[in-house]
Structure formats: C-alpha cells, structure tokens
Amino acid sequence: MARRREPQEATLDRVIELLDEAPAGLHDLVPRVDVLPDGLPGALIELFARCDGGRLFIDSIELRASADVERDGDRWVFGSIEEENLLVDARGRVWRTDASLDDVVCEGTALDRWLAGIVDALGLLYDSEGEFAEEVFDEDGELLAIVAEKQLRAILKRDPRAPAPRWRLAHVLLGADAIPEARRQLEELVASEPNFAWGWLDLAKISELTGDLANAMEEARVGAQAAEGHPQAGYFWSQVARLAIRASDEPARAAAAAHAARVAPELKAAQLAGVRESIAEGDTGSARGLLELLRAVWPRDLEVLDLARQLAN
C-alpha cells in the first residue's frame with residue numbers, strides 16, 4: 001500500500017513548533033497578520049498563516065514579511081539564505097539564486113519539505129544552548145566536509161527529489177574522492193530531474209576523469225540539450241566541443257561548436273574577457289580552462305590564438 005503523503009499543514013505546524021522551542025535568540029518569527037496581499041501562491045499563504053516572516057538561525061535565513069514578497073516572472077521572492085534569493089513558484093517548489101553557477105536552481109519540491117529540511121540541516125551547527133556546536137568548523141572557520149554531507153543528507157531525508165541538494169551532495173562526495181557514490185547520486189538526480197543540466201555536465205566530468213570519453217561526450221550532449229533556452233546554453237555546448245577534441249572526434253566538435261555559436265553569439269566575447277581578467281589576477285588555471293573552451297569552439301580565431309601564446313610564454 002502506498003504511503004499517504006503528509007498534509008502540508010501538519011509539516012509546517014511541526015516546523016514552527018520546533019522553531020518556537022529553540023533557545024532564545026536563535027530564531028525571530030514575526031506574528032501573522034490578518035490580511036495578506038493579493039496574488040500570493042498557495043504555499044506562501046500556508047506559511048503566512050503561521051507567521052509573517054522572520055529570521056532563522058540568527059540571520060542565516062531571512063523570510064520576508066508578506067507585504068515585502070516580490071514577483072519575479074513566474075516565481076515570488078520570499079526570502080534569502082546566505083544573501084542569495086529564495087523563490088517559490090506556483091507549484092510550491094523552492095528555488096535559490098546560486099552564485100557559484102550564476103543560475104537559479106531548485107532547492108525543494110515543496111515549501112514545507114524544504115523548510116523542514118533546511119531547519120534540520122542548519123540545526124546541526126548549533127548546540128542545545130543555541131551556540132555553535134563543537135567540531136563543526138575547521139581552524140579557518142570553514143564548514144567541515146563531513147558536516148556538510150550530514151546537512152545535505154538531512155535535507156534529502158525530508159525531500160528526496162530535491163535536485164540542488166543532491167547535486168551539492170555529489171560535489172561533497174567528489175571532494176572526498178568517493179567517485180562511485182558521487183556518480184550514483186548524480187545518476188539518481190538526472191533520473192528524477194532530467195532537465196537539471198548541471199547534473200549531466202558533472203556526470204560527463206566524472207566519465208572524463210575515469211577515461212570514458214565516449215560516455216562523457218554523450219552525457220555532456222544530453223546536458224546541453226537539457227539546457228536549451230538556458231542563459232548558459234552556449235557554455236554547455238562548448239563543453240561538448242572540448243570533450244570532442246579529447247576524443248579526436250572532429251565532426252562532433254564542429255557540430256557542438258556550431259551549436260554554441262548559434263545559441264550564444266555573445267559567448268566568445270564573454271569568455272575572452274574572462275581569460276584576460278584571470279590573467280590579470282594571476283589565475284592562470286582559470287584562464288587556461290576558459291581558453292580550452294574557446295579553442296574548442298573558435299580554434300582559428302586570432303584573438304584566441306593570441307591569448308594562447310600569452311599563456312604559453
């Protein structure tokens with residue numbers, strides 16, 4: 001017999017109770033208001049029936065007051081986490097502006113599940129008195145990888161189909177050289193969310209790392225196809241072209257390069273600027289990475305060849 005899905009109201013009620021029971025000062029929820037603005041999605045109406053925004057875990061998460069929610073296309077900005085916008089769509093899915101990708105990614109399949117998971121995850125950083133727990137950060141103040149993994153698994157326990165947390169978990173596992181487990185997480189991710197192009201690209205990187213260039217090209221191509229209409233679609237196709245060079249497949253390189261130039265006519269100028277900026281900052285590793293993509297798409301371009309000579313000297 002299928003397990004009945006828990007009502008959103010019950011989940012939200014439990015989360016609010018948990019927040020109310022936390023040590024004083026850790027959270028600051030604003031009392032609900034009687035009248036809400038028109039046009040809010042159902043998920044936010046359910047949340048604002050319990051509080052009118054507030055701050056969680058001191059100031060790690062800001063939930064805007066109902067009057068301050070802003071419409072952004074087909075989503076509503078309702079808060080922020082680590083200074084990155086949180087948005088919700090009409091289906092109740094939660095999205096986040098991820099600066100590392102310059103993209104908006106899906107953090108949760110429902111607002112109630114996302115909130116329950118993020119409260120569990122951030123709660124791992126604090127002790128019973130509301131102070132930072134021991135053995136959470138390293139000597140430089142960076143979050144320990146084992147704690148980051150526990151946080152992401154806590155989120156996925158509440159929302160197993162959440163794409164971005166599973167993608168981040170794969171990255172943590174890659175950092176720990178747990179490549180088979182990272183690949184398993186990415187495969188589960190793209191199986192449930194085939195349009196999550198970044199997941200396909202990371203699968204391609206793992207295949208490239210293990211020497212399976214044919215599979216890497218196919219995974220990158222699927223990712224590029226999934227990114228159709230994406231602001232960074234040209235970047236995905238340039239990765240296909242780069243892998244085609246490694247696989248000595250000139251027809252595939254030419255086809256991918258044509259796609260990249262067609263969907264992103266501004267790509268060359270942006271990547272050239274990125275190479276020059278990286279060189280000026282002394283970051284030759286980033287410069288070479290961008291140049292490799294440029295040479296895959298525009299192998300005979302004079303500006304690209306000139307920058308290649310600069311980096312070779």
Side-chain angles (χ1 to χ4, degrees), residues 97-103 105 140 142 145 167-168 170-177 179 182-183 186 197-227 230-313:
T97 304
D98 191 315
S100 70
L101 296 175
D102 191 23
D103 197 6
V105 293
D140 297 323
E142 297 294 327
W167 173 75
R168 292 193 185 97
H171 273 246
V172 171
L173 293 167
L174 281 173
D177 289 328
I179 294 176
R183 183 171 188 90
L186 289 168
W198 300 105
W200 287 108
L201 186 57
D202 284 327
L203 277 172
K205 290 178 180 177
I206 291 177
S207 293
E208 180 183 14
L209 185 66
T210 57
D212 188 354
L213 292 177
N215 207 31
M217 280 182 57
E218 181 57 26
E219 288 160 341
R221 184 181 293 108
V222 174
Q225 291 168 344
H230 190 284
Q232 299 183 62
Y235 170 78
F236 285 92
W237 281 112
S238 67
Q239 288 285 1
V240 179
R242 180 187 66 80
L243 287 166
I245 288 178
R246 290 211 59 198
S248 301
D249 190 338
E250 174 55 24
R253 183 213 66 80
H259 275 295
R262 176 180 58 81
V263 301
E266 75 291 347
L267 181 65
K268 183 173 74 170
Q271 289 186 339
L272 284 169
V275 173
R276 293 187 179 106
E277 182 179 346
S278 295
I279 291 174
E281 294 175 351
D283 186 357
T284 56
S286 295
R288 288 194 175 93
L290 282 173
L291 185 62
E292 191 175 8
L293 295 177
L294 281 163
R295 296 188 73 171
V297 181
W298 295 280
R300 298 178 182 83
D301 184 88
L302 294 180
E303 287 183 281
V304 173
L305 293 173
D306 182 58
L307 284 173
R309 285 191 291 269
Q310 289 183 43
L311 279 172
N313 294 333

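On a predicted model such as this, the values are computed, not experimentally measured, just so you know. The basis for the numbers below is simple: all heavy atoms, side chains too, and nothing from hydrogens, waters or symmetry mates.
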### Query
Stepwise, does the side-chain contact (heavy atoms from CB on, under 4.5 Å) test hold for V105 with W167?
CA-CA 10 Å; V105 293; W167 173 75; over 6 Å; no
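- Note that the CG atom of L307 and the CG atom of L294 stand 8.0 Å from one another [nearest 0.5 Å].
- Contact between A308 and R295 at its shortest, heavy atoms only, is CB-NH1, 3.8 Å.
- Expressed to the nearest 0.5 Å, how far CZ of R288 lies from CG of L291 amounts to 9.0 Å.
- Heavy-atom minimum distance, E208 versus L213: CG-CD2, 4.1 Å.
- Of the candidates L203, I206, L186, D202, E219 forms a side-chain contact (heavy atoms from CB on, under 4.5 Å) with just one, namely L203.
- Using a 4.5 Å heavy-atom threshold, the side chains of R183 and L173 count as separate.
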#### Entry: side-chain contact (heavy atoms from CB on, under 4.5 Å) evaluation trace for V297 with K268
CA-CA 9 Å; V297 181; K268 183 173 74 170; over 6 Å; no
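- Between L174 atom CG and L209 atom CG the span is 8.0 Å, to the nearest 0.5 Å.
- A side-chain donor-acceptor contact under 3.5 Å links D301 to the backbone of E303.
- Across every non-hydrogen atom of A296 and A257, the tightest pair is O-CB, 4.0 Å.
- Nearest heavy atoms, W200 versus G223: CB-CA, 3.5 Å.
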### Message
For D98 and R168: C-alpha separation, side-chain torsions, deciding distance, then whether salt bridge (Lys or Arg N to Asp or Glu O under 4.0 Å) applies.
### Response
CA-CA 11 Å; D98 191 315; R168 292 193 185 97; 2.9 Å; yes
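- A donor-acceptor distance shorter than 3.5 angstrom exists from the side chain of T210 to the backbone of S207, with no hydrogens or angles considered.
- The aromatic rings of W237 and H259 lie parallel to each other, their planes meeting at an angle below 30°, with 60° marking the opposite boundary.
- Checking side-chain atoms of Q225 against main-chain N and O of A197 turns up no donor-acceptor pair under 3.5 Å.
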### Message
Run E281 and R276 through salt bridge (Lys or Arg N to Asp or Glu O under 4.0 Å) and show every step you take.
### Response
CA-CA 9 Å; E281 294 175 351; R276 293 187 179 106; over 6 Å; no
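- Of all heavy-atom pairs between L243 and A204, the closest is CD1-CB, 4.3 Å.
- Residues meeting the side-chain hydrogen bond (donor to acceptor under 3.5 Å, both in side chains) test with Q239, sequence neighbours left out: Y235, R242.
- Residue A287 comes nearest to V275 through the heavy atom pair O-CG2, 3.8 Å, listed as atom of the first residue, atom of the second, then distance.
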### Task
Under the side-chain contact (heavy atoms from CB on, under 4.5 Å) rule, what do L305 and W298 come out as? Steps first, then yes or no, please.
CA-CA 9 Å; L305 293 173; W298 295 280; over 6 Å; no
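- Rounded to the nearest 0.5 angstrom, R253 CZ and S238 OG are separated by 12.0 Å.
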